[in-house]
Structures are given as structure tokens and as C-alpha cells.
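Written out below as C-alpha cells is the structure these notes cover.
Labels below follow one simple rule: chain letters A, B, ... track the order of the sequence lines, proteins then strands, and each chain is numbered from 1.
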2 protein chains.
Amino acid sequence: MTHKNLTIKEIAQRSGVSISTVSRVLNNSPSVSNEKREKIQAVIHENDYQPSMVARSMVSKRTHTLAIIAPDINNPYFTDLISEIELIANQSNYSILLFNTMSAGNRKVETKDSIEISVFKSILEKQVDGIFILGGDIDKEDLSESYLTALNHLNSIIPVVVIGQYQNGVNCHFIDRNLKYGVTLITQHLLSLGYRDIGFIGGEPKIKITTERVKAFKEILSLYSSVNEETIILNDYYAKDGYQAIKLLIEKNILPKALVAMNDQVALGAFRALNDYHLSCPEDIAIVSCDAFPDADFQTPRITNVNQHNHDLAQVALTTLLFYLDTTEILPENMSQHLPELVIRESCGSKNIGGLKL
Amino acid sequence: MTHKNLTIKEIAQRSGVSISTVSRVLNNSPSVSNEKREKIQAVIHENDYQPSMVARSMVSKRTHTLAIIAPDINNPYFTDLISEIELIANQSNYSILLFNTMSAGNRKVETKDSIEISVFKSILEKQVDGIFILGGDIDKEDLSESYLTALNHLNSIIPVVVIGQYQNGVNCHFIDRNLKYGVTLITQHLLSLGYRDIGFIGGEPKIKITTERVKAFKEILSLYSSVNEETIILNDYYAKDGYQAIKLLIEKNILPKALVAMNDQVALGAFRALNDYHLSCPEDIAIVSCDAFPDADFQTPRITNVNQHNHDLAQVALTTLLFYLDTTEILPENMSQHLPELVIRESCGSKNIGGLKL
DNA sequence: CACTATTATGAAAACGTTGTCAACACTTTT
DNA sequence: AAAAGTGTTGACAACGTTTTCATAATAGTG
């Protein structure tokens, strides 16, 4: 803390030129004599001079910073997205301002005034160039009026890209997650293995990700079998919830032959509960998941799941946002993204049952 | 993007006062007549006016932003720290600029010029008020000369707090992790259960976290038994590495009776490998871990491990950094933090062996 | 050789705040 | 009644850049 960064003025003085000329070499303007350019560059280098982004932002109106709003950065789904966005953003010379709204996860906070709305204020203050919303309030089926106005106001000043399901009345750009396709894929896999008695576990009830998936699940299941509402247990997205779901099904004595879990964590919790009741997957029950997390291939049993290609999602989101940064007012067509991909491992019991066809 | 944020000038005009007066109400200066204050506040509210942090930073030299440099935000250890730091920082009105250096993890990048050094430059540019380094290059046993100068230069301008082991020649403030204590604790537990043939798996070889732990492991083990270097397998911090380690030990036919794993992920990978060889934990071998990750209690077997109380670490780190922000030049005494805590579950086999004492 | 392009340079305004200072209108003190 | 204090207010400099504009120096043209 003894040192301080020099200013362009001091660089100019030490190089014996004007501020303007230094600015020119900083911005690679061609109209500077080689002699002075070299001298200036030498001085810059000697003093480890870094131009102040703050001052630059002052005039350019750009902070080269993007905000990410995520509800729970301890959840692998979000960190996967965040790390991918961060990577690509850095390559395009943008930094990431991270806001963890804690509106999901172990340490979830319930307040009457949404944390997210107050986060919007901070973001406005910070004058980021663009904003990603990865989940949280935006996923609720019943958006509050105040949240909606706050979000639309935000979006009217700074472009917002939401990774999630489209919501009526929200003006932001949505990157759709193709939620239905993934569940359909994996439920179909269970069906094609011969399972008919299939339930669904995990996911918060009034959240779009959950409701959309459950809806798609019921649709496909009802084509081949009947839906038993009792074996659809919605609580939350974590291991404890898979555990609780299994416990409930067993206690009520309605454990089905197969289950679709919201994600790998829920599946993990389910495995644990089964073990505690001396049952095992896939012998006694098949369990698959809609959302792959990093260690699926190391769990016992290895989890049959759907790889949602979140990396790819992040890429599309960033491209979209960068687009809006420059070319205001024009809407791009939906960009391509990889479709969810079924990854067959052990927990579906495909090895045991062995390819019954539909 | 149709709207734009007003400036203080426009607020002043619409309120019929000078810029200075508006600035006074923004900063709660007492010397403003009630009449004008109310008028101005009304105008501010009507227009959703947010003062520009950029302009404020320009004059105050403070951005109210802290940077976090982490090597792999897909690793629960880091997200745990990040989310805790973010939470407390927000409460103190600081925002978090996140830099993921990808110097660890699945997508690790190797370059001749350290990514971290280039991150230092971005950070300098952004003029954050303080910096956290959570891991990465700083943990290397042999720090490169260029990294060291870059880091010390950075720290001479912006205060840096490192969560990690002290390094000679680095001037930053270090928050020590008490690494030794945790391994000692858990190794002692194995010893007290009667195990003598104990190995160690996981962790990158030339990284301080690893070397410190292995050293402590050897120290305590050698008091009661002999150390077999062959059963110490250092590769990396992830599930694949636990898997690989077990595979190696089995192939060389030197699988010990118990293993200390670097962290829960390594343990998970080890469980998986055992299963593939039709062995099981803890019946055939006990496996415990030095670093707890969220789902330890849902794995099969439930993992006996050490809770390092990382939350607490984050708290200390933030307090330290905030201290340096205001009171330059003075060193605070080490703040208290929770000691690592042994959590006995199943994977140590304590239930089977049942309390042999040392 | 005068006249116009072209290139290199610096002065000064602008960005949106805060902070210092002076000025004004009142009170209060002497 | 003059002096001194107190509470409100606005003008203006400052923060570190970029950008616009004018100008000086050089080269190219008829």
C-alpha cells in the first residue's frame, strides 16, 4: 500500500509529451511518431502504469463488466454456468460481478422485500454493461408485481439475459433451456426398458423448472401408462430432498419401480435412503436424473442422466448479451444450442432388464 | 434500453436547486432545509435515480468492489468460500468481482505466462479496493520469480489477503488454514480405531496444501506405525484421482487397511473404484477425508471427515481485508477461527471395529 | 514557389460525482 | 448597532480518462 498507480498526466510529464499523445498510444492510434511512441511505451512499462478503468468508464459509458445474478452458487448447476460465462467473458475482455441472492439452497433466506430487487439497485449503481440472471425469483410461477416492474425497469436501462423459462410480461431476452426435451428423453428411456410404474422426485413445487418438467413427464408417461400423482413428490433440489422423498414413498408403501429425479443430487439422496432401508438401485428400483452434475460417473450406482450441456447454454447467453450491448433495439433469432443428451449408465438398470422395446 | 439513468445535474434542475444541494441530500448532509430535502427526495424517487458509482469512484478513489481470485469455481471448497465472502461483503456494501483462473480443476489450463499474472493486471485496471486470493499459483511450492514480483507489486497498491499457507517472500496477509491439525485429527482417529497400515491419496504433489498435509500425516503416523511411501499417492483433488489411486494400489497389490483422502471427492472416487473391484468400504478398507464437501452425509458409505469450517475462514478473511482498507500500515493480530472438527460417520468403519484404543 | 493535403501534436471540454470555499440571510452576542 | 456566529446555498475545481478541435510542421501538387 505504499505505492500508487501513476496517472496519464504523470506518464505524459515523464515522457515529455502531452496527455493526448499518451492517450493515443494507449489506444493504438496510428498518428503518433515512432520516436514518441517508443519513449512513451518505455515510460509506461517502467512504471507498471495501468490506465484507470474508472476514468475510462466515465467517458466511454462502458464499464466492461457484466453482472451475474445467481440464487445459490454452491449448486453445481449454477457454478457450471458461472464458470463458463466467466471464461468466455474474460476472453472478450469483460469482468464478472457476482451476486449471490441466496434465494435457493441450504442457506436460503426468506424476506418480504426480495433480495433480488435490492440487488438490482446495486447493479444499476455499478453501471455494469449487461446482466445475466441464472435463476431465483425469475423462475417462480407467480412473479410478484414489484419484482416484475423492478426487472423491467432494470432491463430498460441495462440489457438483461435470463437463462430460464419464458415468463409473460418480462421484457428480457430469455435463453430457453429445453427443459421438456430432457425429461421426455429420460422418461422414454425408462419406458423403453419396460418400466411402467414411474414416479418423479425433487424440485421446488411452484418453480417453473419443476412444473415444466413434471408436466412433460406426465405427458410422456400417460401415453404408455398411467400417472400416479402420489408418486410425484416435489420438495427441493438437494440431496436431502431425494432422501426425504424416498423415505416418504417407503413409509406410505407406494415405492414405484422407477423414479425420475430432478437432478443428480436428488438422485444421490435417494440412493442413500434406499440403502438405509436395505433396498438397492437399480435392483429394487431404477432412478435416473434430469440434470447431470460433475460426479455422476463416480456415484454408486453410476447415474443415468441427461447432460443438459450447460456450457453451451452459457456460450449462447454471452453471445446474446454481447450482441445487445452494441446493436441495441434489434432482436436476434434464437441461436443454436446443443440438445440435452441422454447418458446411460447404471442407475436405470438397463443392464439388468436388458432392452425390452416399447 | 430505451430509458437511461438521469444524472445529478438533471435531478438538480428538476428540483430547482444546485447540484451541490442534491449531492448533500444524497450523502445525508444535515445542512439542507427540510423543504428542499423533501422536494429533492421526491424527484429522486420519481425518476428512479441512482447515483453513478463510476463518478463517485472517480473522486472517492474507492470502487466498493473486492476481487476474488479462485482457481476453480466448480470445486465446492472454493464456492463455499466465495459464497460466504460474497454474503458478508454485500452486508458491508461491497460487491464481488470474480476471477476464475482455471489453474485447477477439470478444465485446467497450462500456459507459460501465468493466467494469474494477467488477472492481476485486469484487477489493477478495475481499481478494486481489495483482493482475495483463494488458491492457485500461490499454493505452489516453487513460486516463479515473475509471479512473486507481480503479486508483491499488486499488494503494494491494493491490499491482498490470501487464504492459504504462508509463503516466504510474499508480503500479503495470509489467513492460515490450520491444515496440519485436520489431518492429524483424522489420522489419529484411524489410529485409535486400531488401524496401522494407513496410506494417503489425492492432492497435487507440489502444492502446499498437499505437502503440508502429507507431512503432518507422516509425522503422526510414524509415532505409532511405519510410513509406507508406496501407499502415498498424490495426483489431484478430484474424484477421478481417488479412483485412479485405488486402481493403482490394487494393481500393485499394496492396498492398505485404511486411507486418508485429500477431500470428499477423492474419497468418492475411491469408493467407486473399490466397488468396481468388488471390495467395499469400510469392510475391506477404511477411507476418511480431510476436507468436508456438502454431500458427505449422503454418500455410501457416509464419509467420516474433517469439517474445516470454511465459512468461518471467509469471515476472518473479510474482516482482515476490510481492516486493511481503512487503517493502512498497521498489522492486526491473528483473529480467532474455529478449529477443524472431526465428524465421525461410516467410512472409517468405527462401527465395525468398535473403539480399539491407542 | 505558393497552395493544398497530410501528419503529428497539444489545449481544452466533457463525463457525473464530491468537496472546498465564499456568499448570503438570519440570529445571537457584545 | 456593530460584530460574530449559524444555517443554507451555489460556483467551481478536482478526479483520470477520451475526444474534438485547432495548429504547427511536413510533404506533395500544379
Q) When the ring centroid of B:Phe99 is compared with that of B:Phe120, is the distance short of 6.0 Å? A)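 Ring centroids of B:Phe99 and B:Phe120 are no less than 6.0 Å from each other.
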Report the distance from atom [atom1] of [X] to atom [atom2] of [N], rounded to the nearest whole Å.
X: A:Met58; N: C:dA13; atom1: CE; atom2: P; answer: 17 Å
X: B:Ile40; N: C:dT17; atom1: CD1; atom2: P; answer: 14 Å
X: B:Lys126; N: D:dG16; atom1: NZ; atom2: P; answer: 18 Å
X: B:Glu125; N: D:dG16; atom1: CD; atom2: P; answer: 16 Å
X: A:Ile19; N: D:dC21; atom1: CD1; atom2: P; answer: 19 Å
X: A:Gln13; N: C:dT9; atom1: CD; atom2: P; answer: 18 Å
X: A:Arg62; N: D:dG16; atom1: CZ; atom2: P; answer: 24 Å
X: A:Asn28; N: D:dT19; atom1: CG; atom2: P; answer: 13 Å

Proximity to the side chain of [X] - top-ranked nucleotide from [options]:
X: B:Lys36; options: D:dG10, C:dG10, D:dT17; result: D:dG10
X: B:Ser20; options: C:dT18, C:dG19, D:dT18; result: C:dG19
X: A:Lys61; options: C:dT17, D:dT18, C:dC15; result: C:dC15
X: B:Ser18; options: C:dG10, C:dT17, D:dG10; result: D:dG10
X: A:Ser33; options: D:dT17, C:dG16, C:dA8; result: C:dA8
X: A:Ser31; options: C:dC15, C:dT18, C:dT9; result: C:dT9

Q.
Any non-hydrogen side-chain atom of A:Leu66 less than 4.5 Å from a side-chain atom of A:Val128?
A.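 Of all side-chain heavy-atom pairs linking A:Val128 with A:Leu66, none is under 4.5 Å.
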Q | Side-chain heavy atoms of B:Ile82 within contact of B:Phe132, under 4.5 Å | A |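 A side-chain contact is absent here, since even the closest heavy-atom pair is not under 4.5 Å.
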(Q) Just to be sure I understand the rule, does A:Ser52 reach a base, reach only the sugar-phosphate, or reach nothing, if contact means heavy atoms closer than 4.0 Å? (A)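 The answer is sugar-phosphate, as A:Ser52 gets under 4.0 Å only of primed atoms, P, OP1 or OP2.
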(Q) Counting the atoms with a prime plus P, OP1 and OP2 as sugar-phosphate, which does B:Val54 contact under 4.0 Å by heavy atoms, base, sugar-phosphate, or nothing? (A)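 No contact at all - B:Val54 keeps every heavy atom at 4.0 Å or more from the nucleic acid.
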Q) Has the side chain of B:Arg24 got a donor or acceptor atom sitting under 3.5 Å from an opposite partner on the base of C:dG19? A)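 No, no donor-acceptor pair under 3.5 Å.
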Q. According to a strict under-4.0 Å criterion, is A:Tyr49 in side-chain N/O contact with OP1 or OP2 of D:dG16?
A.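 A:Tyr49 to D:dG16 OP1/OP2: no side-chain N or O under 4.0 Å.
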Q: Return no unless some side-chain N or O of B:Ser23 is found under 4.0 Å from OP1 or OP2 of C:dT18.
A: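 Result: yes.
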Q: Look only at the side chain of A:Gln50 and the backbone of A:Asn5, and say whether a donor-acceptor pair between them is shorter than 3.5 Å.
A: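 Looks like no, no N/O pair under 3.5 Å.
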Q. Taking all atoms of both residues into account, what is the closest heavy-atom pair of B:Glu125 and A:Pro51, and its distance?
A.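 Closest pair (atom of B:Glu125, atom of A:Pro51, distance): CG-O, 3.5 Å.
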